[in-house]
2 protein chains.
Amino acid sequence: MPQLDKSPDDRVGQNVEDTVLGDLIGYRLKRAYMQIQPVAQQVLAEDGLRVVSFSCLSIITDNPGIVQTELAAALQMERSNLVVIIDELEQSGFIARKKVPTDRRRYALTATLRGRRLRDRAADKIRQAEDTIVGCLDKEDRTRLMAVLERLEDQRT
Amino acid sequence: MPQLDKSPDDRVGQNVEDTVLGDLIGYRLKRAYMQIQPVAQQVLAEDGLRVVSFSCLSIITDNPGIVQTELAAALQMERSNLVVIIDELEQSGFIARKKVPTDRRRYALTATLRGRRLRDRAADKIRQAEDTIVGCLDKEDRTRLMAVLERLEDQRT
DNA sequence: GTATAATTGTTATGGTCAATAAGTATTTTC
DNA sequence: GAAAATACTTATTGACCATAACAATTATAC
């Protein structure tokens, strides 16, 4: 029996049927991420950072001497797209490039004191911003969510 | 006490320190999504669909007579960006545009039989592909994950 | 009732982002 | 020592998203 079309006037706002999309994990992950991302973006913009440059700064801070290829692998991005970001961070004085004496193809990346301080401050602000969104979850739901996401992430296909 | 730089040779593959990023929900959501998205993209490409066009087709199938503005709101995208996608789906014979008699500004969108069948088939394939990734979670973890993501998504800031 | 405002679909455009290919310098492998 | 591999870089491309502006139509204000 064919479903009758609703008059367009009957359907307002969020009253939209969905028998498929909402049950897909990919869809739900994207929607949840899209809730967080703009907030993080805005918070980081106050310090002149983008999400990707903050990610780089954070990994460099945690891994002084890391090299661009390793950084790209850690963040699952292309080396070529990293270059401009590293340039930005270097010109802003948040990181330094030092030639590796044993292999002059590579640059050892280290965060400056300013860079490390910015990382810590920005991280605090992001955590705070995330809390306003994730506040609806109790501590157990939250830790369980993080654990499950980590397991998905580590899944090798 | 300053942390000594590791020699770049000491750090291989995934042995990268991370004291901040991994504890951020936004980061974890993105990484998990990036695990699913390429698989869904590839599966849909076999039927000539993109993720966004499948999403549109699915919502139109579930809501015959829906109008472009409502569809855009449901998928949280811009009306202007919807136009080309609707064009594609119409030219492929998966949906039809019909003028709304009571409001000639609007087009009522309905999925054709071919469109509905494609939606159902593609949905099955996506679910199957997702299962290969989410298979590491038991049923309870999975339903709990979906519920938590839904709560995050509905959070109004 | 008519002028004004709002809505719908559309086009055009720009910005950001990710992926690829190709090039240079250096190191490793054979 | 020649050839292959690696690290970083540059340039380019296409996908995607947001915005502004427009015509047609409808709703609202007076």
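Residue numbering restarts at 1 for every chain, and letters A, B, ... go by the order of the sequence lines. These values consider heavy atoms only, across backbone and side chains, with no hydrogens, waters or symmetry-generated copies.
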- Task: Would you kindly say whether B/Tyr107 and B/Lys98 are connected by a side-chain donor-acceptor distance under 3.5 Å?
- Result: no
- Message: Please pick, from C/dT10, C/dT20, C/dA25, the nucleotide with the shortest atom-to-atom distance to any side-chain atom of B/Tyr107.
- Response: C/dT10
- Message: Going 5' to 3' along DNA chain D, between which two nucleotides do contacts with chain B fall, using a heavy-atom cut-off of 4.0 Å?
- Response: D/dC16 to D/dT26
- Message: Taking any heavy-atom pair under 4.0 Å as a contact, classify B/Asn81: base, sugar-phosphate, or nothing.
- Response: base
- Task: Taking only the side-chain nitrogens and oxygens of A/Gln41, find out if one of them lies under 4.0 Å from OP1 or OP2 of C/dT16.
- Result: no
- Message: Go nucleotide by nucleotide along DNA chain D from the 5' end; which of A/Arg97 and B/Gln37 gets its closest nucleotide reached first?
- Response: A/Arg97
- Length of the line joining B/Lys99:NZ and C/dT8:P, which is rounded to integer Å: 15 Å
- Message: Salt bridge or not between B/Asp23 and A/Arg127? Use side-chain N to carboxylate O under 4.0 Å.
- Response: no
- Message: Rounded to the nearest 0.5 Å, what separates atom CE in B/Met77 from atom CG in B/Leu75?
- Response: 6.5 Å
- Take the protein atom CG of B/Asp103 and the nucleotide atom P of C/dT7, then report the distance between them rounded to whole Å. 12 Å
- Task: Return the value, rounded to whole Å, for the distance between atom CD of A/Glu88 and atom P of C/dT16.
- Result: 10 Å
- Message: Contact between A/Gln35 and B/Asp154 at the side-chain level, heavy atoms closer than 4.5 Å - yes or no?
- Response: no
- Query: Under 4.0 Å between a side-chain N or O of B/Arg79 and OP1 or OP2 of C/dT7?
  - Reply: no
- Message: Distance check needed: C/dC17 P versus A/Gln76 CD, whole Å only.
- Response: 18 Å
- Side-chain touch B/Arg28/A/Ile36, heavy atoms, less than 4.5 angstrom: no
- To the nearest Å, give me how far apart CZ (B/Arg31) and C1' (C/dA18) are. 15 Å
- Task: For A/Gln68, report the nucleic acid contact type (base, sugar-phosphate, nothing); a contact means any heavy atom under 4.0 Å.
- Result: sugar-phosphate
- Note on the structure: Taken to the nearest whole Å, CG/B/Leu82 to P/C/dT10 is 9 Å
- Message: Assuming nearest nucleotide by heavy-atom distance, tell me which of A/Arg104 and A/Glu78 is located more 5' along DNA chain C.
- Response: A/Glu78
- Might you point out which heavy atoms bring B/Phe54 and B/Arg119 nearest each other, and give the distance in Å? CE1-O, 3.8 Å
- Task: Whole angstrom is fine here: how far is it from CZ in A/Arg105 over to P in C/dT28?
- Result: 6 Å
- Query: Think B/Ser80 has a side-chain N or O under 4.0 angstrom from the OP1 or OP2 of C/dA12?
  - Reply: no
- Rounded distance (Å) that lies between atom P of C/dC17 and atom OH of A/Tyr33: 10 Å
- Query: Going by atom types alone, do A/Thr61 and A/Arg116 pair a side-chain donor with an acceptor below 3.5 Å?
  - Reply: no
